[in-house]
2 protein chains.
Amino acid sequence: MDTVERAPANLPGPAAEAAGTARDAAGDAPAPKRTRARTTASMADVARLAGVSSQTVSRVSNGYAGVNEKTRRQVLAAMKELGYRPNSAARALKRGEFRTIGVITFTLSTTGNVRTLEAIATSAAHEGYAVTLLPVALPTQAEVRGAFSRLEELAVDAVIVIMEVHLLDAATVQLPPHVQVVVVDSDAGDHYTVVDTDQAGGTRAAVRHLLDLGHRTVWHLGGPEGSFAAQRRTDAWRAALVEAGRVPPPLVRGDWSAESGYRAGLELAAHDDCTAVFAANDQMALGLLRALHERGRRVPEDVSVIGFDDIPEASSFLPPLTTVHQDFAEVGRLCVRAVLRKMRQVGPERGTTLVPTRLVRRDSTAPPPEHP
Amino acid sequence: MDTVERAPANLPGPAAEAAGTARDAAGDAPAPKRTRARTTASMADVARLAGVSSQTVSRVSNGYAGVNEKTRRQVLAAMKELGYRPNSAARALKRGEFRTIGVITFTLSTTGNVRTLEAIATSAAHEGYAVTLLPVALPTQAEVRGAFSRLEELAVDAVIVIMEVHLLDAATVQLPPHVQVVVVDSDAGDHYTVVDTDQAGGTRAAVRHLLDLGHRTVWHLGGPEGSFAAQRRTDAWRAALVEAGRVPPPLVRGDWSAESGYRAGLELAAHDDCTAVFAANDQMALGLLRALHERGRRVPEDVSVIGFDDIPEASSFLPPLTTVHQDFAEVGRLCVRAVLRKMRQVGPERGTTLVPTRLVRRDSTAPPPEHP
DNA sequence: GCGGCTGATGTTTGCGTAAACATCGTGTAC
DNA sequence: GTACACGATGTTTACGCAAACATCAGCCGC
């Protein structure tokens with residue numbers, strides 16, 4: 001821990017030998033007013049100590065070739081002694097890039113957003129980029145606009161937006177020029193670059209699974225209106241039923257939360273002919289399971305339930321939940337790749353990339369009861 | 001978008017007339033070699049267009065007093081026309097601060113970390129600070145060291161670490177000087193500034209609640225060894241029992257995941273004398289509930305279960321989970337406050353701040369069965 | 001032996017901003 | 001009416017870095 005305590009800038013005389021003695025003059029003489037204690041050593045300091053030009057320090061710092069091995073070693077030693085760290089502000093100013101990606105998202109309350117964010121951060125780090133978080137408290141236009149106006153001053157080279165793009169457009173966002181944007185949870189593939197889970201494919205798999213088990217039709221516990229993902233799942237659910245010649249029951253809506261799933265579940269439990277429910281996410285499925293349990297409808301004997309997301313807890317539900325697995329890590333990875341490509345001006349400017357899903361069969365689905 | 005294309009730097013003499021008409025000239029004449037299309041307007045560009053000095057633009061930009069209202073308006077108009085955005089790299093370089101806080105954390109798989117991070121981001125935004133994420137894939141020393149070495153070059157003024165500080169120490173971290181650190185999930189209050197949930201208080205409340213219900217003792221499903229929070233809960237659990245004159249049963253460990261709670265639950269279900277279990281988090285409690293259910297032990301009639309965290313889903317478990325509510329938002333808020341105070345050199349350098357918990361009674365706890 | 005090349009290094013310059021200092025009217029006190 | 005304060009603005013400078021260019025040995029080929 002001692003390394004943290006050290007204050008390399010004020011070392012008494014160690015730097016004097018070996019090279020330049022000019023430092024002492026600088027250290028003391030000037031007006032002692034507020035000394036300002038230079039916080040970090042600069043390239044110039046290192047250069048002085050190593051007896052080279054600052055440009056050579058720069059070359060070493062950036063790992064350029066063309067520096068004599070002996071010189072390089074001297075410089076490295078000087079850097080170490082002074083505790084030199086390149087100043088990223090100066091670097092960014094000079095290079096014109098921050099090596100940082102901004103991520104705008106709503107509250108991190110949904111598993112999907114968190115997982116995606118995590119993957120983005122990891123992938124970005126891998127590429128030498130940092131990730132700056134721009135939280136938006138509420139999905140209102142004012143909030144979104146606020147986030148973007150913060151962004152305007154922010155040190156980012158690109159932005160990944162994890163939310164329905166309509167809010168973005170509606171907020172009359174004015175992005176800093178040359179800042180690339182990639183969007184998740186949106187259908188704006190013709191205006192933006194979009195990366196998303198294959199909502200439709202996953203939904204189709206879920207519905208088909210239930211129909212294959214023998215259910216006459218499938219009810220749907222949908223997500224909130226604002227969400228594109230929710231909309232997409234609802235549309236796909238309806239389409240899959242129609243395609244199979246079934247009649248879609250009325251839609252029941254929740255807001256992604258388990259609590260809303262519970263409330264919707266109480267409603268669904270009242271329908272005796274409801275033998276299969278496709279919940280738009282696992283949390284709502286959880287609430288649904290509780291409601292069904294309370295109303296004495298057994299899962300999966302009386303009612304089959306299928307979720308979406310495959311959160312880690314899904315396998316521990318009662319009963320373990322059959323669900324559609326989303327590969328959030330892949331989504332995050334692709335976001336970073338897409339945004340970097342856009343920055344480097346390779347790859348398509350717009351269009352949607354879909355990440356496939358996978359149906360995970362557990363114990364919450366079964367054939368319908370003999371005669372309901 | 002046209003504002004982007006414009007190359008304000010090369011304007012010949014437009015500044016002369018209030019709102020120049022000389023723009024056309026700039027587009028053609030200059031050497032067409034890679035034009036480099038200046039990406040953004042600088043203060044100088046705005047100054048030229050507004051017919052003032054760049055310093056005045058700076059004053060307007062920073063909202064300083066002492067600028068004539070008319071002048072200010074001119075400047076603002078010019079800014080708007082050029083789509084001017086202050087360059088944060090230059091600003092950071094000049095001011096010597098980035099207005100950014102780095103957050104180091106393990107994978108965002110635990111609710112607590114995510115909630116805390118979210119609160120940190122929100123509070124920081126409130127204070128005009130951005131948050132940069134430094135994900136650490138695995139809690140190994142090498143990984144932690146890697147994160148910190150990335151950090152060394154990173155544009156942050158302070159760091160909040162959400163993890164057991166031992167890993168940090170062990171990684172022989174060398175922090176940039178003058179970068180303040182605040183830590184969550186740690187007992188290093190004497191070396192660092194620590195903000196944490198009152199683990200002991202929450203645990204005591206949980207244990208007492210169960211004892212008050214009439215249980216002879218309370219079993220404990222603990223978290224992983226590396227975690228300070230887990231350790232603290234385990235210690236407090238044992239202490240609370242001893243204090244009440246009870247004999248602590250053997251400790252059962254999980255790794256925070258529901259799956260591990262399930263495995264541990266199978267084990268616990270085998271003990272007929274186990275009538276009350278305190279799980280170190282809600283996810284493990286979920287798995288525990290499933291295991292008990294599978295083994296035919298009813299909750300709460302046969303076994304009482306209590307969790308820790310109060311994740312949103314807890315109220316939808318079967319049965320709804322009694323648990324200890326953690327105020328992650330407050331933890332995050334206090335982290336930001338502490339770190340900003342340290343930067344401004346007010347407030348104590350080290351020491352621990354505890355955030356109180358609250359017991360949330362739901363349906364998973366009840367008096368023990370008559371004669372077990 | 002000379003021109004030119006290569007590798008290693010130094011020098012100059014400018015990125016965009018804002019602190020510090022300088023200037024310049026205008027009014028106000030005496 | 002001179003002195004002086006004050007408000008409004010302009011000028012200079014430095015933040016730390018790295019691209020572009022300059023220098024300067026040593027070495028090669030002919």
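Every chain is numbered from 1 and lettered A, B, ... according to where its sequence line falls, protein lines coming before strand lines. Note that this is a predicted model, so its numbers are computed, not measured.
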Taking only the side-chain nitrogens and oxygens of [X], find out if one of them lies under 4.0 Å from OP1 or OP2 of [N].
X       : N      : answer
A:Asn62 : D:dA18 : yes
A:Tyr64 : D:dA19 : yes
A:Tyr84 : D:dC17 : yes
B:Ser53 : D:dG10 : yes
B:Arg95 : C:dA18 : yes
B:Thr71 : D:dT9  : yes

Checking all strands, does [X] fall into the base, sugar-phosphate, or nothing category for heavy-atom contacts under 4.0 angstrom?
X       : value
B:Ser61 : nothing
A:Val57 : nothing
A:Thr56 : sugar-phosphate

In whole angstrom, give the distance that lies between atom [atom1] of [X] and atom [atom2] of [N].
X       : N      : atom1 : atom2 : answer
A:Glu97 : D:dA18 : CD    : P     : 11 Å
B:Lys70 : D:dT9  : NZ    : P     : 9 Å
A:Arg48 : C:dG10 : CZ    : C1'   : 15 Å
B:Phe98 : C:dT17 : CZ    : P     : 16 Å
A:Met43 : C:dT11 : CE    : P     : 13 Å
B:Asn68 : D:dA8  : CG    : C1'   : 7 Å
B:Glu69 : D:dT9  : CD    : C1'   : 16 Å
B:Leu82 : C:dG16 : CG    : P     : 13 Å

Self-check item: Test salt bridge (charged side-chain N to carboxylate O under 4.0 Å, His left out) applied to B:Arg337 - qualifying residues, sequence neighbours left out
Solution: none
Quiz item: Mind checking what makes side chain to side chain donor-acceptor pair (under 3.5 Å) contact with A:Thr116, not counting sequence neighbours?
Solution: none
If you check every side-chain atom of [X], which of [options] has the closest atom?
X       : options                : value
B:Leu93 : C:dG16, D:dC17, C:dT17 : C:dG16
A:Gln55 : D:dA20, D:dG16, C:dA18 : D:dA20
A:Arg91 : C:dT17, D:dC17, C:dG10 : D:dC17

Quiz prompt | side-chain contact (heavy atoms from CB on, under 4.5 Å) evaluation trace for A:Thr193 with A:Val183 | solution = CA-CA 6 Å; A:Thr193 302; A:Val183 178; over 6 Å; no
Which heavy atom of [X] sits nearest a heavy atom of [Y], and at what distance?
X        : Y        : answer
B:Leu334 : B:Val195 : CB-CG1, 3.8 Å
B:Val52  : B:Thr71  : CG1-CG2, 3.8 Å
A:Val159 : A:Val339 : O-CG2, 4.0 Å

Check residues 120-133 of chain A and write down every donor-acceptor pair under 3.5 Å in which the side-chain atom is one partner and the other belongs to a residue at least two apart or another chain.
| residue | atom | partner | partner atom | Å |
| --- | --- | --- | --- | --- |
| A:Thr122 | OG1 | A:Glu118 | O | 2.9 |
| A:Ser123 | OG | A:Ala119 | O | 2.9 |
| A:Thr132 | OG1 | B:Thr132 | OG1 | 3.0 |

Quiz prompt | Net bend of the helix from C:dG1-D:dC30 to C:dC30-D:dG1, end axes of five pairs each, nearest 10 degrees | solution = 40°
Quiz item: Mapping B:Val67 and B:Lys94 onto DNA chain D by nearest heavy atom, which one lands closer to the 5' end?
Solution: B:Val67
N/O to N/O distances under 3.5 Å, protein versus nucleotides 21-27 of chain D:
none

Mind listing the N/O atom pairs, protein and nucleotides 4-7 of chain C, below 3.5 Å?
none

Quiz item: Side-chain contact, heavy-atom cut-off 4.5 Å: B:Ile162 with B:Ile104?
Solution: no
